[in-house]
There are 2 protein chains.
Amino acid sequence: MVDAVEPLKARRIYLLLRERILNGGLEPGSRLPGELSIAAEYGVSRVTVRRALDNLAIDGLIDRRPGSGTFVREGNSVQPIVADLSNVLSHLVEMGRRTSVRLLSFAYVNPSESVAGALGLEPGERAQRSIRVRLIDGAPFSYLVTHVPERIGVTYSEADLASMPLLGLLERSGVVVEEASQSIGATLAGPDVAEALGLEIGSPLLSLTRVVWDPSGQGVEHLHALYRPDRYSFHMDLVRTGAVGARRWNPVAKPATARPEPQKRKTEGPKSLKPKPRPVRVSNQRRTST
Amino acid sequence: MVDAVEPLKARRIYLLLRERILNGGLEPGSRLPGELSIAAEYGVSRVTVRRALDNLAIDGLIDRRPGSGTFVREGNSVQPIVADLSNVLSHLVEMGRRTSVRLLSFAYVNPSESVAGALGLEPGERAQRSIRVRLIDGAPFSYLVTHVPERIGVTYSEADLASMPLLGLLERSGVVVEEASQSIGATLAGPDVAEALGLEIGSPLLSLTRVVWDPSGQGVEHLHALYRPDRYSFHMDLVRTGAVGARRWNPVAKPATARPEPQKRKTEGPKSLKPKPRPVRVSNQRRTST
DNA sequence: GAGAAATGTATTATAAGTTAGACAGGTAGC
DNA sequence: GCTACCTGTCTAACTTATAATACATTTCTC
């Protein structure tokens, strides 16, 4: 009879206030209620409220001015890297930002059942697994676990992996890559991933699972990618197509040649020049630790 | 100098293990590592691990057999709803599953700066904000916050909102919807969202922010959606296009007419008939409290 | 049956979170 | 200047969470 307790009021209040700042009604520059008011509102002590505010201050979300009050800091919108759904990294290179890769693991393993199933492996068939972390300007933003069937003929070395995209290596080896299927979800950072990405355990992550097939339908690559949402997000433009009554969104297919940006929004509002102060921003670790 | 502490390890481990059971590598029926192993892995004491396992047992996710071990309970695999990036709900209807909507809030507000900027509102211009929760077969899976400029001519009522998609209502009102831009990220559940979706505070969420414009570039709708990743995920098929040397992924544009499924994977492995053993489960809050 | 390994249970000690209160000092309004 | 209100800091007592052990019981393997 483990009676689920209700601990950690400070964190609860921290999350609550953070939500109000990021998504909710608290405008940048506005003043928060006094610490005593907040304490009364949520039925906790002032010390507890202060702990929550401390964390918000560490996150850089608020500005505390003694005698005056606590204010929502302005300009705390750190834009994450934006990627479209196709070739994620071409953007970055265009922007002149330097990306690098750290190879954490390189081994031949018996894949998990789900990976084996997705790739269509025979029972007991092994796969080459590599774990990589991708960095931009020295800051890690993605954790990639890839599985490639051993029988595909893995012709690349560890050094190759650290310098070239895996798909490029496969295509160089003569593997024809035709189609893929991927799904996007969210999950929490475990110990390994948290350390590799410089996060706290339990931080939210974007997850992407992609399975790539060759023209015969043979599984070629299984990718499980985890992204820091404060540094990476998916972006896409949609157009409304179809007849009335069956209208739907369709993604805008971009030409293979790189283009600066679709940049279509011609809103004329005074703020329209600042197209998207996307507030999503997830920073929640107070201590990156390790 | 409040040194950020490390609270609630038990809950953290509970969330992590739950994530591994639901999305991660732990197959149903498989045995978890021993309590001591888990304790060592996460650097906590066995008591703490046991607390986490207690909660997982309450959730019905695991099965503890004294002397034998702790096992992932079978039959938890509730497939998440799979949506493509365009018309998320058409799938569901096709599948014959019943979705419903709960309207949590309906008001005219001064939108936050980020929303106002995205929609291109004049300073001080108000917007109609509605907060809805969407359910499938009675289980909530998404939390939607939409903003529509007041001047657009909001011709729908609260009752309309609870029964029809917002975009449909707008188009019925004569608003021409042409293009949109959206980005996908991840975040943690705050108190409000957690309660609305039946989650613990701190659970991971998929977040989608979409801005819709009419042909003149005027903002029409701002959508901020949060999805339970165990019940909802984005899925898309990609094809490799472009010349050698500049190959990239492009999404497969689907026809407006509903089609059962692309279903391309013709892998012949014995497990290929079970293409996706995605294990999932639902109930997880022990106490929604307050 | 012996032994290893697992969960179930209990005890004690330490660490951490919370509360309540008091006081100092800064800021703004009257 | 006075007052009200705010944050910053501190103390003391209390409650809860976690750690470190030890030991019993069940299960599986050999």
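Proteins come first, then strands; the chains are lettered A, B, ... in the order of their sequence lines, and each starts at number 1.
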Counting only side-chain nitrogens and oxygens, does B:Lys9 get under 4.0 Å of the OP1 or OP2 atom of D:dA19?
yes
Considering all heavy atoms of both residues, which atom of B:Leu197 and which atom of B:Phe141 are nearest to each other, and what is their separation?
CD2-C, 4.0 Å
Nearest-nucleotide wise, let me know which of B:Gly69 and A:Gly43 is further upstream toward the 5' end of DNA chain C.
B:Gly69
Set of residues satisfying side chain to side chain contact (heavy atoms under 4.5 Å, CB included) with respect to A:Val109, sequence neighbours excluded:
A:Ala107, A:Arg129, A:His147
Figure out the CZ/C1' separation between B:Arg12 and D:dT18, and round it to whole Å.
14 Å
Any residue meeting salt bridge (Lys or Arg N to Asp or Glu O under 4.0 Å) with A:Arg65, in chain and number order, not counting sequence neighbours
A:Asp63
What is the separation between atom CD1 on B:Ile13 and atom P on D:dT18, rounded to the nearest whole Å?
8 Å
Counterpart residues, salt bridge (Lys or Arg N to Asp or Glu O under 4.0 Å), relative to A:Arg126 (two or more places apart)
A:Glu150
Integer-rounded Å distance: D:dC5 C1' and A:Arg64 CZ:
16 Å
Check the distance between D:dT27's C1' and B:Asp63's CG and give it to me in whole angstrom.
15 Å
Does the side chain of A:Leu61 come within less than 4.5 Å of A:Val72's, by heavy atoms?
no
Assess the side chains of B:Ser130 and B:Thr146: does a donor N or O sit below 3.5 Å from an acceptor N or O?
yes
Whole Å only: how far is the CG atom of B:Leu53 from the P atom of C:dA6?
13 Å
Bend angle of the helix from C:dG1-D:dC30 to C:dC30-D:dG1, end axes from five pairs each (to 10°)
40°
Minimum-distance nucleotide to B:Ser45 side chain [options: D:dT7, C:dT9, D:dA19]:
D:dA19
Rounding to an integer number of Å, can you tell me how far B:Arg50 CZ sits from D:dT21 P?
18 Å
Can you name the residues that form a side chain to side chain donor-acceptor pair (under 3.5 Å) with B:Ser142, not counting sequence neighbours?
none
Does A:Thr70 put a side-chain nitrogen or oxygen below 4.0 Å from OP1 or OP2 of D:dC6?
no
When you measure from every atom of DNA chain D, which of residues 30-40 of chain B have a heavy atom less than 4.0 Å away?
none
For A:Glu221, check side chain to side chain donor-acceptor pair (under 3.5 Å) against everything at least two apart and list the hits.
none
Partners passing side chain to side chain contact (heavy atoms under 4.5 Å, CB included) against B:Glu41 (at least two apart in sequence or in another chain):
B:Arg20
What is the distance from CZ of B:Arg51 to P of D:dA19, rounded to the nearest Å?
11 Å
What string of B, S and - do you get for nucleotides 21-30 of chain C, 5' to 3', when a contact is any protein heavy atom under 4.0 Å?
-B--BBB---
For A:Glu35, which residues count as a side chain to side chain donor-acceptor pair (under 3.5 Å) partner, sequence neighbours excluded?
A:Arg46, A:Arg50, A:Arg64
Considering residues at least two apart in sequence or located in another chain, which fulfil the salt bridge (Lys or Arg N to Asp or Glu O under 4.0 Å) criterion with B:Glu125?
B:Arg151
Taken in chain and number order and not counting sequence neighbours, the residues that satisfy side chain to side chain donor-acceptor pair (under 3.5 Å) with A:Thr187 are B:Glu19
Euclidean distance, atom CG of residue A:Asp54 to atom P of C:dT18 [Å, nearest integer]:
12 Å
